[in-house]
Engineer: 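What follows is a single structure, and I will ask about it in a moment.
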Amino acid sequence: MPDAFDGVPLWILKATVLALGATFGSFANVVIYRLPLGRSIVYPGSACAKCETPIKWFDNIPVISYMLLLGKCRVCKDPISIRYPLIELSGAVLSLACLLLAINVGFEVADLAGLAVLWAFFFAFCFLLLVITFIDLEHWWIPPSLVLPGIAIGLLTNILLGDLTRVSWLDALIGMVAGALPIWLIRVLYFKIRGHEGMGLGDVFLMAMVGAMLGYVALPFVLLAASIQGLIVAIPLSLKKKISDPPWEPEEGHEHQETMGKTAVPFGPFIALGALQWLFFGDAIAALLFQF
Ligand SMILES: [Zn+2]
(Lines give C-alpha, C1' and ligand atoms only; values in the text may rest on other atoms or scores of the structure.)
Protein backbone atom coordinates (compact mmCIF):
# COMPACT_ATOMS: atom_id res chain seq x y z
CA MET A 1 0.00 0.00 0.00
CA PRO A 2 1.56 3.37 -1.01
CA ASP A 3 2.05 5.90 1.78
CA ALA A 4 1.03 8.91 -0.33
CA PHE A 5 -1.39 9.65 -3.19
CA ASP A 6 -0.65 12.54 -5.57
CA GLY A 7 1.74 13.80 -2.91
CA VAL A 8 -0.85 13.72 -0.11
CA PRO A 9 0.42 11.56 2.77
CA LEU A 10 -1.74 8.64 3.78
CA TRP A 11 -2.08 9.89 7.37
CA ILE A 12 -3.69 13.13 6.13
CA LEU A 13 -6.15 11.10 4.07
CA LYS A 14 -6.95 8.95 7.10
CA ALA A 15 -7.48 11.99 9.35
CA THR A 16 -9.68 13.62 6.70
CA VAL A 17 -11.97 10.62 6.23
CA LEU A 18 -12.20 10.10 10.01
CA ALA A 19 -13.43 13.68 10.46
CA LEU A 20 -15.75 13.40 7.44
CA GLY A 21 -17.11 10.09 8.71
CA ALA A 22 -17.80 11.49 12.18
CA THR A 23 -19.60 14.45 10.61
CA PHE A 24 -21.72 12.14 8.48
CA GLY A 25 -22.32 10.10 11.64
CA SER A 26 -23.66 13.24 13.24
CA PHE A 27 -25.93 13.75 10.21
CA ALA A 28 -26.98 10.08 10.52
CA ASN A 29 -28.23 10.87 14.04
CA VAL A 30 -30.44 13.61 12.61
CA VAL A 31 -31.83 11.33 9.88
CA ILE A 32 -32.43 8.45 12.34
CA TYR A 33 -34.33 10.73 14.69
CA ARG A 34 -36.30 12.84 12.21
CA LEU A 35 -37.05 10.73 9.14
CA PRO A 36 -39.49 8.34 10.88
CA LEU A 37 -41.27 11.39 12.33
CA GLY A 38 -41.67 12.86 8.85
CA ARG A 39 -39.67 15.95 9.81
CA SER A 40 -37.18 17.83 7.65
CA ILE A 41 -33.63 16.53 7.96
CA VAL A 42 -32.06 19.87 7.03
CA TYR A 43 -34.06 22.44 8.96
CA PRO A 44 -34.07 23.54 11.77
CA GLY A 45 -30.69 22.83 13.39
CA SER A 46 -30.35 20.33 16.23
CA ALA A 47 -31.86 21.10 19.60
CA CYS A 48 -31.86 19.41 22.98
CA ALA A 49 -34.62 16.78 23.02
CA LYS A 50 -35.61 17.84 26.55
CA CYS A 51 -35.33 21.64 26.89
CA GLU A 52 -35.36 22.35 23.13
CA THR A 53 -32.45 24.81 23.39
CA PRO A 54 -30.75 24.99 19.98
CA ILE A 55 -27.35 23.32 20.11
CA LYS A 56 -24.43 25.68 19.38
CA TRP A 57 -21.84 24.57 16.84
CA PHE A 58 -19.16 24.14 19.49
CA ASP A 59 -21.44 21.76 21.40
CA ASN A 60 -22.12 19.83 18.20
CA ILE A 61 -18.65 18.53 17.35
CA PRO A 62 -18.99 14.78 16.82
CA VAL A 63 -17.85 12.59 19.75
CA ILE A 64 -15.69 15.37 21.25
CA SER A 65 -18.59 17.58 22.41
CA TYR A 66 -20.25 14.62 24.08
CA MET A 67 -17.10 14.00 26.11
CA LEU A 68 -16.56 17.68 26.96
CA LEU A 69 -20.18 18.00 28.10
CA LEU A 70 -19.85 14.74 30.08
CA GLY A 71 -22.89 13.43 28.22
CA LYS A 72 -25.25 16.15 29.46
CA CYS A 73 -27.09 19.07 27.83
CA ARG A 74 -25.21 22.31 28.58
CA VAL A 75 -28.43 24.11 29.56
CA CYS A 76 -30.76 21.64 31.30
CA LYS A 77 -28.15 18.97 32.22
CA ASP A 78 -30.45 16.27 30.87
CA PRO A 79 -28.39 13.21 29.87
CA ILE A 80 -27.69 12.85 26.14
CA SER A 81 -28.11 9.30 24.86
CA ILE A 82 -24.82 7.41 24.40
CA ARG A 83 -26.29 6.41 21.03
CA TYR A 84 -25.33 9.79 19.54
CA PRO A 85 -21.55 9.60 20.04
CA LEU A 86 -21.60 5.87 19.26
CA ILE A 87 -23.20 6.49 15.87
CA GLU A 88 -20.74 9.34 15.21
CA LEU A 89 -17.91 6.99 16.09
CA SER A 90 -19.38 4.28 13.84
CA GLY A 91 -19.49 6.82 11.00
CA ALA A 92 -15.79 7.60 11.55
CA VAL A 93 -14.75 3.94 11.72
CA LEU A 94 -16.79 2.96 8.65
CA SER A 95 -15.38 5.93 6.74
CA LEU A 96 -11.80 4.91 7.54
CA ALA A 97 -12.59 1.31 6.62
CA CYS A 98 -13.99 2.54 3.28
CA LEU A 99 -10.75 4.44 2.57
CA LEU A 100 -8.65 1.35 3.28
CA LEU A 101 -10.97 -0.72 1.09
CA ALA A 102 -10.80 1.86 -1.71
CA ILE A 103 -6.99 1.87 -1.52
CA ASN A 104 -6.94 -1.90 -1.39
CA VAL A 105 -9.00 -2.38 -4.56
CA GLY A 106 -7.89 0.73 -6.43
CA PHE A 107 -4.34 1.79 -5.60
CA GLU A 108 -2.77 0.36 -8.72
CA VAL A 109 -4.99 2.32 -11.08
CA ALA A 110 -6.65 5.13 -9.14
CA ASP A 111 -5.23 8.60 -8.46
CA LEU A 112 -6.44 10.71 -5.54
CA ALA A 113 -9.68 11.68 -7.32
CA GLY A 114 -10.35 8.08 -8.24
CA LEU A 115 -9.87 7.00 -4.64
CA ALA A 116 -12.24 9.74 -3.49
CA VAL A 117 -14.93 8.47 -5.87
CA LEU A 118 -14.46 4.88 -4.68
CA TRP A 119 -14.56 6.00 -1.05
CA ALA A 120 -17.74 7.99 -1.71
CA PHE A 121 -19.58 5.01 -3.21
CA PHE A 122 -18.50 2.61 -0.46
CA PHE A 123 -19.26 5.11 2.28
CA ALA A 124 -22.67 6.05 0.84
CA PHE A 125 -23.58 2.36 1.08
CA CYS A 126 -22.29 2.12 4.67
CA PHE A 127 -23.99 5.36 5.69
CA LEU A 128 -27.36 4.10 4.45
CA LEU A 129 -26.87 0.76 6.24
CA LEU A 130 -26.03 2.60 9.47
CA VAL A 131 -29.14 4.78 9.29
CA ILE A 132 -31.37 1.86 8.25
CA THR A 133 -30.07 -0.25 11.15
CA PHE A 134 -31.00 2.24 13.83
CA ILE A 135 -34.35 3.24 12.32
CA ASP A 136 -35.29 -0.44 11.99
CA LEU A 137 -34.18 -1.21 15.57
CA GLU A 138 -36.38 1.54 16.93
CA HIS A 139 -39.35 1.61 14.56
CA TRP A 140 -39.36 -1.83 12.86
CA TRP A 141 -39.54 0.02 9.60
CA ILE A 142 -37.09 0.48 6.72
CA PRO A 143 -37.87 3.71 4.85
CA PRO A 144 -38.16 3.32 1.04
CA SER A 145 -36.52 6.76 0.79
CA LEU A 146 -33.31 5.10 2.04
CA VAL A 147 -33.32 1.67 0.34
CA LEU A 148 -34.34 2.84 -3.12
CA PRO A 149 -31.39 5.28 -3.43
CA GLY A 150 -29.32 2.46 -1.92
CA ILE A 151 -30.25 0.17 -4.82
CA ALA A 152 -29.30 2.94 -7.27
CA ILE A 153 -25.95 3.47 -5.51
CA GLY A 154 -25.23 -0.26 -5.63
CA LEU A 155 -26.00 -0.55 -9.34
CA LEU A 156 -24.11 2.67 -10.20
CA THR A 157 -21.03 1.63 -8.24
CA ASN A 158 -20.68 -1.56 -10.21
CA ILE A 159 -21.68 -0.12 -13.59
CA LEU A 160 -19.01 2.60 -13.22
CA LEU A 161 -16.37 0.80 -11.17
CA GLY A 162 -17.06 -2.90 -11.72
CA ASP A 163 -13.43 -3.52 -12.72
CA LEU A 164 -12.32 -2.45 -9.26
CA THR A 165 -15.13 -3.89 -7.17
CA ARG A 166 -14.94 -7.12 -9.21
CA VAL A 167 -18.74 -7.05 -9.36
CA SER A 168 -19.89 -6.63 -12.97
CA TRP A 169 -23.06 -4.73 -13.83
CA LEU A 170 -24.66 -8.09 -14.60
CA ASP A 171 -23.60 -9.56 -11.23
CA ALA A 172 -25.14 -6.49 -9.60
CA LEU A 173 -28.38 -6.75 -11.56
CA ILE A 174 -28.72 -10.47 -10.80
CA GLY A 175 -27.79 -9.69 -7.18
CA MET A 176 -30.57 -7.14 -6.93
CA VAL A 177 -33.22 -9.60 -8.12
CA ALA A 178 -31.77 -12.66 -6.39
CA GLY A 179 -31.46 -10.69 -3.14
CA ALA A 180 -35.07 -9.59 -3.12
CA LEU A 181 -36.64 -12.84 -4.29
CA PRO A 182 -36.04 -15.24 -1.36
CA ILE A 183 -37.07 -12.66 1.23
CA TRP A 184 -40.16 -11.83 -0.77
CA LEU A 185 -41.02 -15.56 -0.94
CA ILE A 186 -40.47 -16.00 2.80
CA ARG A 187 -42.67 -12.98 3.34
CA VAL A 188 -45.48 -14.42 1.22
CA LEU A 189 -45.20 -17.91 2.75
CA TYR A 190 -44.99 -16.61 6.30
CA PHE A 191 -48.09 -14.52 5.75
CA LYS A 192 -49.99 -17.52 4.34
CA ILE A 193 -49.00 -19.77 7.25
CA ARG A 194 -49.07 -17.39 10.21
CA GLY A 195 -51.61 -14.86 9.02
CA HIS A 196 -49.37 -11.90 9.81
CA GLU A 197 -46.20 -10.42 8.42
CA GLY A 198 -42.83 -11.79 9.51
CA MET A 199 -40.77 -9.84 7.01
CA GLY A 200 -41.50 -6.29 5.98
CA LEU A 201 -41.32 -5.10 2.41
CA GLY A 202 -38.35 -3.06 3.65
CA ASP A 203 -36.34 -6.26 4.17
CA VAL A 204 -37.06 -7.21 0.53
CA PHE A 205 -35.75 -3.84 -0.72
CA LEU A 206 -32.79 -3.99 1.66
CA MET A 207 -31.67 -7.35 0.27
CA ALA A 208 -32.08 -5.92 -3.26
CA MET A 209 -29.79 -3.05 -2.21
CA VAL A 210 -27.22 -5.45 -0.76
CA GLY A 211 -27.33 -7.67 -3.86
CA ALA A 212 -26.94 -4.65 -6.16
CA MET A 213 -23.87 -3.45 -4.25
CA LEU A 214 -22.13 -6.72 -3.40
CA GLY A 215 -23.30 -8.89 -6.31
CA TYR A 216 -25.16 -12.18 -6.11
CA VAL A 217 -22.03 -14.05 -4.94
CA ALA A 218 -22.35 -12.34 -1.54
CA LEU A 219 -25.98 -13.26 -0.97
CA PRO A 220 -25.68 -16.76 0.57
CA PHE A 221 -23.16 -15.46 3.10
CA VAL A 222 -25.16 -12.31 3.92
CA LEU A 223 -28.39 -14.27 4.47
CA LEU A 224 -26.69 -16.96 6.52
CA ALA A 225 -24.68 -14.50 8.62
CA ALA A 226 -27.79 -12.35 9.16
CA SER A 227 -29.88 -15.35 10.24
CA ILE A 228 -27.27 -16.84 12.59
CA GLN A 229 -26.35 -13.54 14.21
CA GLY A 230 -30.02 -12.58 14.37
CA LEU A 231 -30.86 -15.82 16.18
CA ILE A 232 -27.96 -15.42 18.60
CA VAL A 233 -29.49 -12.10 19.67
CA ALA A 234 -33.17 -13.02 19.33
CA ILE A 235 -33.25 -16.32 21.26
CA PRO A 236 -32.04 -15.00 24.64
CA LEU A 237 -34.27 -11.95 24.21
CA SER A 238 -37.41 -13.98 23.53
CA LEU A 239 -36.65 -16.39 26.40
CA LYS A 240 -36.31 -13.44 28.74
CA LYS A 241 -39.47 -11.70 27.58
CA LYS A 242 -41.51 -14.85 26.88
CA ILE A 243 -44.01 -12.96 24.80
CA SER A 244 -41.82 -11.00 22.51
CA ASP A 245 -44.03 -8.36 21.03
CA PRO A 246 -42.19 -5.60 19.23
CA PRO A 247 -41.74 -2.57 21.47
CA TRP A 248 -43.56 -0.17 19.19
CA GLU A 249 -47.05 1.14 18.99
CA PRO A 250 -48.47 0.95 15.46
CA GLU A 251 -48.11 4.36 13.85
CA GLU A 252 -50.31 5.96 11.31
CA GLY A 253 -48.88 5.62 7.84
CA HIS A 254 -46.93 2.49 8.78
CA GLU A 255 -49.93 0.19 8.70
CA HIS A 256 -47.88 -2.91 8.06
CA GLN A 257 -46.59 -2.62 11.61
CA GLU A 258 -49.97 -3.48 13.05
CA THR A 259 -49.87 -6.97 11.61
CA MET A 260 -46.16 -7.43 11.73
CA GLY A 261 -44.23 -10.12 13.49
CA LYS A 262 -43.82 -11.69 16.81
CA THR A 263 -40.08 -11.85 16.46
CA ALA A 264 -37.88 -10.37 19.17
CA VAL A 265 -35.68 -8.30 16.89
CA PRO A 266 -36.06 -6.78 13.42
CA PHE A 267 -34.12 -8.52 10.64
CA GLY A 268 -32.84 -5.41 8.83
CA PRO A 269 -29.94 -4.63 11.20
CA PHE A 270 -28.60 -8.17 10.77
CA ILE A 271 -28.80 -7.97 6.98
CA ALA A 272 -26.83 -4.73 7.27
CA LEU A 273 -24.29 -6.39 9.58
CA GLY A 274 -23.80 -9.34 7.21
CA ALA A 275 -23.46 -6.95 4.26
CA LEU A 276 -20.75 -4.92 6.04
CA GLN A 277 -18.92 -8.09 6.99
CA TRP A 278 -18.88 -9.15 3.33
CA LEU A 279 -17.94 -5.69 2.06
CA PHE A 280 -14.86 -5.46 4.26
CA PHE A 281 -13.92 -9.10 4.80
CA GLY A 282 -15.47 -10.76 1.75
CA ASP A 283 -12.15 -11.90 0.29
CA ALA A 284 -11.07 -13.50 3.55
CA ILE A 285 -14.49 -15.09 4.05
CA ALA A 286 -14.56 -16.46 0.50
CA ALA A 287 -11.03 -17.86 0.87
CA LEU A 288 -12.03 -19.52 4.11
CA LEU A 289 -15.23 -21.00 2.68
CA PHE A 290 -13.55 -22.38 -0.43
CA GLN A 291 -11.07 -24.28 1.72
CA PHE A 292 -13.78 -26.73 2.62
ZN1 LIG B 1 -31.41 20.55 27.37
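In each ligand, atom 1 is the first atom listed, and ligand 1 is the first ligand listed.
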Engineer: Just checking Y84 against Y66, ring centres under 6.0 Å apart?
Structural biologist: no
Engineer: With a cut-off of 2.8 Å, how many protein N, O or S atoms neighbour the Zn ion (ligand 1)?
Structural biologist: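 With waters ignored, the protein N/O/S count below 2.8 Å is 4.
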Engineer: Has the side chain of Q229 got a donor or acceptor atom that lies under 3.5 Å from a matching backbone atom of F270?
Structural biologist: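 It does not hold such a pair.
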Engineer: Do you reckon V30 sits in the same ILVMFWY cluster as L89, going by side-chain contacts under 4.5 Å, direct or chained?
Structural biologist: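 The answer is no; the residues belong to distinct hydrophobic clusters.
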Engineer: Nearest 0.5 angstrom please: L214 CG to W278 CH2, how far?
Structural biologist: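 The distance works out to 8.5 Å.
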Engineer: With sequence neighbours left out, write down each residue that passes salt bridge (charged side-chain N to carboxylate O under 4.0 Å, His left out) with D171, or none if nothing qualifies.
Structural biologist: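 In terms of salt bridge (charged side-chain N to carboxylate O under 4.0 Å, His left out), with neighbours along the sequence ignored, D171 is linked to no residue.
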Engineer: Where does the angle between the aromatic ring planes of F24 and F27 fall among parallel (under 30°), tilted (30 to 60°) and perpendicular (over 60°)?
Structural biologist: perpendicular
